[in-house]
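A short write-up of the structure that comes next.
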Amino acid sequence: MTVNDLIEKLDLEVLNLAEGDREITGGYVGDLLSWVMGKAESGDMWVTIMTNVNVVAVASLVDVACVVIADKAEITPDVIEKARAQGINLLRSAKSAYRLCNEQILL
Amino acid sequence: MSEPIRFHFDVDGDNFSSAGEASVQVKRMLRQIGIPAEVIRRVSVAMYEGEINMVIHADGGNADVVVEPGKIIIILADRGPGIADIELAMTEGYSTAPENVRSLGFGAGMGLPNMKRYTDDMKIESVVGEGTTVTMTVLF
């Protein structure tokens, strides 16, 4: 499944789309950044409610396929700008992390 | 590649937003010189954790990365408070990070364990009141 497929099927809000054709090969849920860096894998869909600028750095270093902000957590324009500069697929939804993962798995 | 390639960065001590700039730059440069993706991931995550530690605890410091054939060495040096009990600091979940740092998603006590996990060798030299130098080596 590509990031484009995920956006369409889960009806996600696109904050930044850098590489819609990127293949999603797994997933990880977490807000503690060191846990994400220790456990998430390249190609994962990373679901989080964290929205500070460090999320973009972690997404880039771990090389996740996309970041999905759950529960429509507030995000500032500078973070979206940073995602654009670093080529990170940044998406958002009003759904909870639980529901997002549930729906993704059923695809 | 016969001569080692060296990168040097100053890590700004009071800026959480720019913490990680050096790691992201290293990632980009390693990609340009054709280092395998998994090696880049290990180096840049280990370095990022170290950078964050220097910002949280030591008001910044210096980061040096040396690329040799089959080996990348990361040296992070600060003049912070030092680590009194390195074994305790290495324990997963142990953290002395303040509350404002935790609200950003850091301070989970996983930084040093991650640095060790992602590198083939990690050496911590620390003197209380003088500073800490962490030397990490990634083989490939």
Side-chain angles (χ1 to χ4, degrees), chain A residues 16 18-19 22-26 28-44 46-71 73-90 97, chain B residues 11-12 15-31 35-53 55-56 74 89-95 97 100-119 138:
Chain A
N16 185 58
E19 195 188 355
R22 178 79 190 266
E23 195 68 23
I24 297 170
T25 52
Y28 190 78
V29 184
D31 306 315
L32 294 176
L33 301 182
S34 288
W35 278 84
V36 177
M37 282 189 279
K39 307 279 186 184
E41 290 178 11
S42 175
D44 277 356
W46 172 25
V47 184
T48 183
I49 51 159
M50 271 292 165
T51 56
N52 65 66
V53 74
N54 305 100
V55 166
V56 176
V58 170
S60 168
L61 298 175
V62 176
D63 190 34
V64 294
C66 61
V67 181
V68 185
I69 309 292
D71 292 316
E74 203 69 42
I75 188 163
T76 53
D78 60 309
V79 179
I80 298 169
E81 185 46 48
K82 195 84 175 177
R84 194 165 295 137
Q86 293 194 9
I88 300 298
N89 292 320
L90 186 62
Chain B
V11 178
D12 187 356
N15 193 341
F16 255 102
S17 302
S18 68
E21 292 289 330
S23 311
V24 171
Q25 274 189 52
V26 164
K27 179 187 167 177
R28 199 172 298 135
M29 291 187 284
L30 293 179
R31 190 186 282 156
I35 302 294
E38 186 51 33
V39 175
I40 295 176
R41 176 188 146 103
R42 291 168 61 205
V43 168
S44 55
V45 168
M47 184 170 165
Y48 183 65
E49 291 280 19
E51 261 193 90
I52 292 294
N53 278 348
V55 176
I56 295 175
I74 309 150
M90 287 297 302
T91 309
E92 286 193 8
Y94 177 81
S95 176
N100 65 323
V101 167
R102 291 173 195 248
S103 69
L104 292 172
F106 296 113
M110 292 294 288
L112 285 173
N114 270 353
M115 288 157 71
K116 189 171 175 63
R117 177 183 308 156
Y118 276 123
T119 57
V138 174

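This structure is a prediction, so every number in the text was calculated from the model and none was measured. Letters go in sequence order (proteins before strands), and every chain restarts at 1.
- Residue A:Met37 touches chain B through both its backbone and its side chain, counting heavy-atom pairs closer than 4.5 Å.
- With a 4.5 Å cut-off on non-hydrogen atoms, B:Glu38 does not touch chain A at all.
- Enclosure of atom CD1 in A:Ile75 by more than 12 non-hydrogen atoms of other residues, nucleotides or ligands within 6.0 angstrom is indicated.
- Applying the 6.0 Å contact sphere to CZ of B:Arg102 captures more than 12 heavy atoms from other residues, nucleotides or ligands.
- Ranked by heavy-atom pairs under 4.5 Å with chain A, the list B:Ser44, B:Ala37, B:Gly20 is led by B:Ser44.
- The shortest distance between side-chain heavy atoms of B:Met110 and A:Leu32 does not fall below 4.5 Å.
- Of the inter-residue distances, the one linking B:Leu112 atom CG with A:Ser34 atom OG reads 9.5 Å to the nearest 0.5 angstrom.
- When every heavy atom of B:Lys27 is checked against every heavy atom of A:Leu61, the shortest pair comes out as NZ-N, 4.1 Å.
- At a 4.5 Å heavy-atom cutoff, the contact between B:Arg41 and chain A is made by backbone and side-chain atoms alike.
- Rounded to the nearest 0.5 Å, atoms CG (B:Leu104) and CG (A:Asp31) are 12.5 Å apart.
- Looking at B:Tyr48 and A:Val58, their side chains come closer than 4.5 Å, going by heavy atoms from C-beta outward.
- Here the CD1 atom belonging to B:Ile40 is positioned 9.5 Å from the CG atom belonging to A:Asp63, to the nearest 0.5 angstrom.
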